[in-house]
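Residue numbers begin at 1 in each chain, while the letters A, B, ... track the order of the sequences. Owing to the predicted nature of the structure, the values given are computational and were not obtained by experimental measurement. These numbers come from the heavy atoms of this one structure, side chains and all, not from hydrogens, waters or symmetry mates.
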Amino acid sequence: MQPQVKHIIEAALLAAGEPLPIERLRRLFPHDRQPEVAAVCDALAELAKDFEGRGIELKEVASGYRIQVRAQLAPWVAQLWVTKPGRYSRALLETLAIIAYRQPITRGEIEEIRGVALSSSIMRALQERGWIRVAGHRELPGRPALFGTTRAFLDYFNLKSLNEMPALTEIRFWSDYDAELDPCLAAAEGSNTAQAAG
Amino acid sequence: MQPQVKHIIEAALLAAGEPLPIERLRRLFPHDRQPEVAAVCDALAELAKDFEGRGIELKEVASGYRIQVRAQLAPWVAQLWVTKPGRYSRALLETLAIIAYRQPITRGEIEEIRGVALSSSIMRALQERGWIRVAGHRELPGRPALFGTTRAFLDYFNLKSLNEMPALTEIRFWSDYDAELDPCLAAAEGSNTAQAAG
Amino acid sequence: MAGEVGVAKEIREEQAHARSTAAVAKIKGEPLASLPHDLYIPPDALEVILESFEGPLDLLLYLIRRQNLDILDIPIAEITRQYMRYVELMKDLCLDLAAEYLAMAAVLAHIKSRMLLPQPTQEAPDETDPRIELARRLQEYEQFKEAAGALDELPRLARDIFPGRVPAPVRRIERSEPVVSLRELIMALADVMARAEHFAQYAVQREALSVRQRMVDILSRVGCECFCALADLVPAGEGRLGVTVTFLAVLELFRERLIELRQTEAFAPIYVRAAAAVRNSATPGNEQGMNNP
């Protein structure tokens with residue numbers, strides 16, 4: 001008996017060990033019997049529904065779909081491993097955050113924002129983890145490399161796209177401050193200031 | 001809400017990546033709330049039942065329990081690891097082209113034309129692919145094999161006979177022409193041109 | 001270590017001083033009478049704290065935040081004094097003081113000197129006010145400092161996210177063959193030709209190709225039959241050209257001593273067979289090629 005499309009997809013997602021995009025799921029089937037993209041999507045939706053109320057969930061991340069333990073059950077499952085994953089240094093996290101929000105960005109620009117020189121070991125560590133890559137070069141003397149984040153970065157942090165990253169706090173401008181300082185002035189200049197700040 | 005024992009066990013078995021014995025499954029829970037062995041066994045039996053008719057199954061192996069893909073789904077899941085076709089080396093393509101135009105030809109003669117020694121792996125690869133064969137031997141010391149192309153070679157390149165291969169004078173024109181073209185454009189048009197030439 | 005404790009004491013005094021003088025600080029324009037108590041820093045922890053600053057911007061932010069000052073209205077003179085204290089302390093503790101700390105000290109001193117100059121009070125700070133640039137840099141840095149914290153909080157693999165991974169039945173992995181286009185093949189040959197200047201001696205014309213093919217056809221045919229009538233080697237329907245091509249191929253094969261020709265008497269049919277050596281070794285009819293010796 002031919003297994004259902006959704007069961008084949010479930011088995012493949014669990015066997016793959018990495019997120020699988022829809023195209024790769026379609027290629028599990030012989031050429032002449034490849035399900036349409038819509039059919040694969042339907043099967044994925046059914047799977048997600050089957051998992052409701054259970055310990056696992058279907059999650060779409062940047063490079064495709066994966067089956068993972070539901071967040072609520074993570075504390076139990078984490079008991080399986082004695083050693084806990086290490087922490088990342090603030091310098092590494094700040095660098096990664098700047099690249100994620102400001103990409104493509106050169107090393108010099110990162111240093112400008114952080115106000116300190118950037119150690120090579122941090123950039124190497126980020127590249128070795130596959131979280132950042134050289135996305136191009138800026139047309140400046142020395143053609144400095146432009147860095148950007150990878151799909152692996154998004155996968156690691158359980159994100160589907162950069163849009164899902166937490167929003168940055170807004171930068172206030174001097175004009176905002178003036179408005180707060182002097183309500184009368186603010187009333188008079190209201191529209192101008194808002195535009196300048198926007 | 002406290003998740004069901006069965007769902008915690010399912011999540012742990014899926015995340016572990018190795019078989020888990022019953023004792024290890026019990027230790028997922030806090031000391032004072034560890035389920036009895038019988039309760040774990042019940043949960044495992046329920047899980048096995050849940051998996052019926054699906055792409056995965058619960059299996060007891062020597063070191064414990066694990067969830068695995070059902071054997072019937074192997075044909076589909078194995079597609080995940082079908083390697084993408086590689087590319088042939090320049091040397092192999094040149095060798096094949098020389099044999100096609102100069103057959104029957106000995107290995108030494110191919111080397112003379114190319115100006116470099118010919119590796120055995122290239123000739124073996126071409127023979128394994130079924131594109132060349134030994135058509136005879138030249139009556140010289142050592143009786144070197146004479147190579148020629150096969151019908152499979154013609155079939156692959158969609159040719160009825162060797163006559164349909166472009167004349168060498170045309171080739172010279174092509175290469176001059178390509179040098180002027182943007183390399184990307186030339187690559188993109190590769191298949192079209194090949195069809196036109198065939 | 002005594003010196004370190006001494007400096008630490010100084011720092012605490014300085015912090016107390018900052019608290020007492022911070023009454024000038026404004027939060028959203030409101031003067032603050034008293035500030036929340038700053039954290040008491042035990043002397044042993046000082047070094048750890050100082051080492052934990054990510055740079056001059058981080059240190060400045062710390063000084064501003066611990067006094068609940070508004071980044072847009074920093075009391076430059078006071079902050080500069082505090083900043084220099086920390087920089088001196090880092091020097092005293094022989095911390096690897098990055099040059100950036102000193103560069104920032106210069107920026108602060110520059111701003112301070114400008115503030116001392118008389119300014120037209122009624123006008124809003126113009127574009128050249130160096131405090132604007134400092135406030136922008138501080139805010140921008142703080143943005144990413146917070147973003148780094150948020151990134152750290154995101155669920156991540158192996159800590160919060162556990163993907164399912166199960167074994168699959170082992171199956172022979174299929175190997176697929178590389179794809180080659182005819183064009184690639186031709187271009188490869190063009191390369192050979194370009195390289196070999198003496199290629200002219202191998203020059204092959206379109207017409208010659210059919211002779212070459214016929215040579216191989218004949219060779220494989222005579223390999224499997226003992227004797228073959230020359231006439232039978234000419235495929236029907238090829239006309240005069242077919243006869244010519246076959247004849248040329250036979251002559252070429254004969255010249256290369258790959259075939260033997262037999263004629264029992266004058267004008268009798270001519271028979272072709274593979275040369276003795278070819279006969280013994282060729283694998284006739286095996287289109288898929290033979291295994292390498």
Can you tell me which portion of [X] sits under 4.5 Å from chain A's heavy atoms? Options are side chain, backbone, both or neither.
X         : result
Glu54(C)  : both
Ile161(C) : side chain
Pro167(C) : neither

How long is the gap from [atom1] on [X] to [atom2] on [Y], to the nearest 0.5 Å?
X         : Y         : atom1 : atom2 : value
Leu13(A)  : Arg165(C) : CG    : CZ    : 12.0 Å
Leu157(C) : Asn158(A) : CG    : CG    : 7.5 Å
Glu170(A) : Gln143(C) : CD    : CD    : 9.0 Å

For chain A, which candidate among [options] shows the most heavy-atom pairs at distances under 4.5 Å?
options                         : value
Ala150(C), Pro155(C), Gly55(C)  : Pro155(C)
Met104(C), Arg137(C), Glu140(C) : Glu140(C)
Gln139(C), Arg136(C), Glu153(C) : Gln139(C)

Region of [X] in contact with chain C, defined by heavy-atom distances below 4.5 Å:
X         : result
Arg70(A)  : neither
Glu18(A)  : neither
Ala117(A) : both
Arg66(A)  : side chain

Considering non-hydrogen atoms only, spot the tightest contact between [X] and [Y] and give its length.
X         : Y         : value
Leu93(A)  : Leu151(C) : O-CD2, 4.0 Å
Ile98(A)  : Phe144(C) : CG1-CG, 3.4 Å
Ala147(C) : Tyr101(A) : CB-CE1, 3.7 Å

Would Tyr141(C) and Glu94(A) count as having a side-chain donor-acceptor pair, cut-off 3.5 Å?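 Short answer, yes.
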
Is the distance between the ring centroids of Trp81(A) and Phe162(C) under 6.0 Å?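 So the answer is yes for these two rings.
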
Please walk me through it: do Thr169(A) and Glu146(C) pass side chain to side chain donor-acceptor pair (under 3.5 Å)? CA-CA 8 Å; Thr169(A) 50; Glu146(C) 283 170 10; 3.3 Å; yes

Based on non-hydrogen pairs under 4.5 Å, which of Pro85(A), Pro19(A), Ala167(A), Ala71(A) is most in contact with chain C?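 Top count of heavy-atom pairs under 4.5 Å with chain C: Pro85(A).
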
Heavy atoms only, distances under 4.5 angstrom: which of Ala12(A), Ala15(A), Ala11(A) has the most pairs with chain C? Name it, please.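 Greatest number of close heavy-atom pairs with chain C: Ala15(A).
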
Could you please spell out the steps behind the side-chain contact (heavy atoms from CB on, under 4.5 Å) verdict for Leu154(C) and Leu159(A)? CA-CA 9 Å; Leu154(C) 282 180; Leu159(A) 301 170; 4.1 Å; yes

Any side-chain heavy-atom pair from Pro163(C) and Ile67(A) closer than 4.5 angstrom?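 They are not in side-chain contact.
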
Taking it one step at a time, do Arg90(A) and Asp58(C) satisfy salt bridge (charged side-chain N to carboxylate O under 4.0 Å, His left out)? CA-CA 11 Å; Arg90(A) 258 184 64 197; Asp58(C) 199 22; 2.6 Å; yes

